[in-house]
Amino acid sequence: MPAGKYIMRSAKYLVKLLILFVILFAFMMWSETSALSFESIEGFFASYFGTTKGWLFTAVVLVWSAVYPKVEFVTRHMDYDMSEGKDSIIKAFGMGRMMLADETEGKMVFRGESIGRKLWFLWDEAVTVTRNAAGGFDMEGPRRFVGEAQQRIPGYMDLAQVNPLNKVISEEEK
């Protein structure tokens with residue numbers, strides 16, 4: 001993954017965690033379950049960063065944001081002919097509420113169908129399917145979507161009678 005893309009994904013995730021953090025603390029203050037109050041922002045920051053727990057929580061959020069892109073975005077290889085199994089690939093992603101957004105020779109890009117999904121993943125939910133030199137194809141994107149497709153594709157390929165590239169078909173199976 002290019003460094004610029006890695007940094008951007010890390011920054012997006014940090015913003016997402018900070019928004020969730022603000023919502024959580026606002027709810028705690030509103031419900032009066034927190035020792036902190038809405039009275040002054042300076043008092044909030046002094047109380048939060050004046051404790052070891054506050055600094056530890058901040059460190060954990062920063063470290064997790066830095067590690068997140070490496071953990072969340074994966075590349076998986078499939079041993080099926082991409083052009084022969086194109087419809088099966090589209091069906092597998094469609095079951096995961098992903099639609100074909102772009103297609104060129106040897107490459108398909110799937111994106112989330114709903115604006116809610118795109119917003120939750122901060123417009124970084126795309127899965128790219130590319131043909132590789134070995135004849136199969138690689139899927140690159142968020143672990144969740146790639147994993148779901150990786151589980152579904154063999155079933156759809158079997159239904160469409162697309163054989164894996166490395167499987168030898170005997171006369172009885174034909």
Side-chain angles (χ1 to χ4, degrees), residues 1-28 57-167 169:
M1 173 182 331
K5 193 177 221 182
Y6 189 93
I7 291 169
M8 182 59 75
R9 285 178 173 168
S10 181
K12 283 180 177 182
Y13 194 67
L14 178 62
V15 168
K16 185 177 174 180
L17 286 176
L18 291 177
I19 290 170
L20 291 173
F21 171 77
V22 167
I23 290 170
L24 174 69
F25 271 84
F27 180 73
M28 286 172 52
F57 184 76
T58 303
V60 167
V61 166
L62 290 173
V63 168
W64 181 245
S65 294
V67 172
Y68 176 76
K70 188 73 172 166
V71 173
E72 178 58 21
F73 294 89
V74 297
T75 300
R76 296 288 185 256
H77 175 74
M78 299 291 288
D79 285 325
Y80 290 96
D81 184 13
M82 186 173 154
S83 56
E84 189 177 334
K86 176 183 168 187
D87 292 336
S88 298
I89 296 169
I90 293 171
K91 283 180 189 176
F93 278 101
M95 287 299 294
R97 297 185 321 243
M98 302 284 283
M99 63 181 180
L100 182 62
D102 186 33
E103 182 179 10
T104 57
E105 183 62 34
K107 180 179 178 182
M108 293 187 285
V109 178
F110 294 89
R111 298 197 69 88
E113 288 180 350
S114 70
I115 191 74
R117 177 174 281 209
K118 290 178 183 182
L119 182 63
W120 181 253
F121 285 95
L122 302 172
W123 278 264
D124 219 1
E125 85 295 356
V127 176
T128 305
V129 179
T130 53
R131 183 170 319 181
N132 61 29
F137 61 91
D138 295 323
M139 299 182 294
E140 179 183 352
R143 179 179 301 274
R144 173 183 173 189
F145 304 130
V146 170
E148 287 175 356
Q150 187 179 19
Q151 294 297 314
R152 288 186 186 112
I153 287 173
Y156 284 112
M157 293 288 192
D158 289 344
L159 287 173
Q161 297 180 347
V162 176
N163 295 309
L165 296 173
N166 58 359
K167 182 178 178 185
I169 310 261

J.: Are Val127 and Pro142 close enough that some pair of their side-chain heavy atoms sits under 4.5 Å apart?
T.: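 In short, these two side chains touch, coming nearer than 4.5 Å.
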
J.: Measure from the ring center of Phe145 to the ring center of Phe110 and say whether it is less than 6.0 Å.
T.: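 Aromatic pair excluded; centres sit 6.0 Å or further apart.
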
J.: Write down the atom of Arg9, the atom of Pro69, and the distance for their closest heavy-atom approach.
T.: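 Minimum heavy-atom contact is CB-CG, 3.8 Å.
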
J.: Would you mind reporting whether Lys70 and Tyr6 have side-chain heavy atoms less than 4.5 Å apart?
T.: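 A side-chain contact under 4.5 Å exists here.
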
J.: May I ask you to test the Tyr13-Asp124 pair for a side-chain heavy-atom distance under 4.5 Å?
T.: no

J.: Contact between Leu18 and Val22 at the side-chain level, heavy atoms closer than 4.5 Å - yes or no?
T.: no

J.: Taking all heavy atoms of Gly96 and all of Glu148, pick out the closest pair and write down the distance.
T.: CA-OE1, 4.2 Å

J.: Side chain of Arg143, backbone of Val71: donor and acceptor closer than 3.5 Å?
T.: yes

J.: Hey, is NZ on Lys12 packed in by over 12 heavy atoms from elsewhere, all under 6.0 Å?
T.: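 Yes, enclosed.
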
J.: Using every non-hydrogen atom in the two residues, find where Leu17 and Ser65 come nearest and quote the distance to one decimal.
T.: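 Distance-wise, the nearest heavy atoms are CD1-OG, 3.6 Å.
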
J.: Would you check if Thr130 and Glu140 make a side-chain contact, meaning some heavy-atom pair closer than 4.5 Å?
T.: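 Side-chain contact under 4.5 Å: no.
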
J.: Please lay out, stage by stage, how Phe73 and Lys5 fare under the test side chain to side chain contact (heavy atoms under 4.5 Å, CB included).
T.: CA-CA 11 Å; Phe73 294 89; Lys5 193 177 221 182; over 6 Å; no

J.: What's the spacing between Lys86 NZ and Met82 CE if we round to 0.5 Å?
T.: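 Atom-to-atom, Lys86:NZ and Met82:CE are 8.5 Å apart.
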
J.: Ignoring hydrogens, what is the shortest heavy-atom contact between Trp123 and Arg111? Give both atom names and the distance.
T.: O-NH2, 3.2 Å

J.: Within a strict 4.5 Å, meaning less than it, do heavy atoms of the Glu125 and Arg144 side chains meet?
T.: no

J.: Does CE in Met8 sit with more than 12 non-hydrogen atoms of other residues, nucleotides or ligands closer than 6.0 Å?
T.: no

J.: At what distance, to the nearest 0.5 angstrom, does CE of Met98 lie from CE of Met108?
T.: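 Those atoms lie 12.0 Å apart.
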
J.: Kindly indicate whether the side chain of Met139, heavy atoms from C-beta on, has any atom under 4.5 Å from the side chain of Ile153.
T.: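 Heavy-atom side-chain distance check passes, below 4.5 Å.
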
J.: Side-chain contact test, heavy atoms from C-beta onward, threshold under 4.5 Å: evaluate it for Ile89 versus Met157 and give yes or no.
T.: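 The answer is yes; the side chains approach within 4.5 Å.
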
J.: What closest approach, in Å, do Ser10 and Ala66 show between heavy atoms, and which atom pair accounts for it?
T.: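 Minimum heavy-atom contact is OG-CA, 3.4 Å.
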
J.: Once rounded to the nearest 0.5 Å, what's the spacing between atom OG of Ser83 and atom CD of Glu105?
T.: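 Here the interatomic distance stands at 8.0 Å.
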
J.: Might you point out which heavy atoms bring His77 and Gly136 nearest each other, and give the distance in Å?
T.: CE1-CA, 4.3 Å

J.: Nearest 0.5 angstrom please: Thr75 OG1 to Asp138 CG, how far?
T.: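 Atom-to-atom, Thr75:OG1 and Asp138:CG are 7.0 Å apart.
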
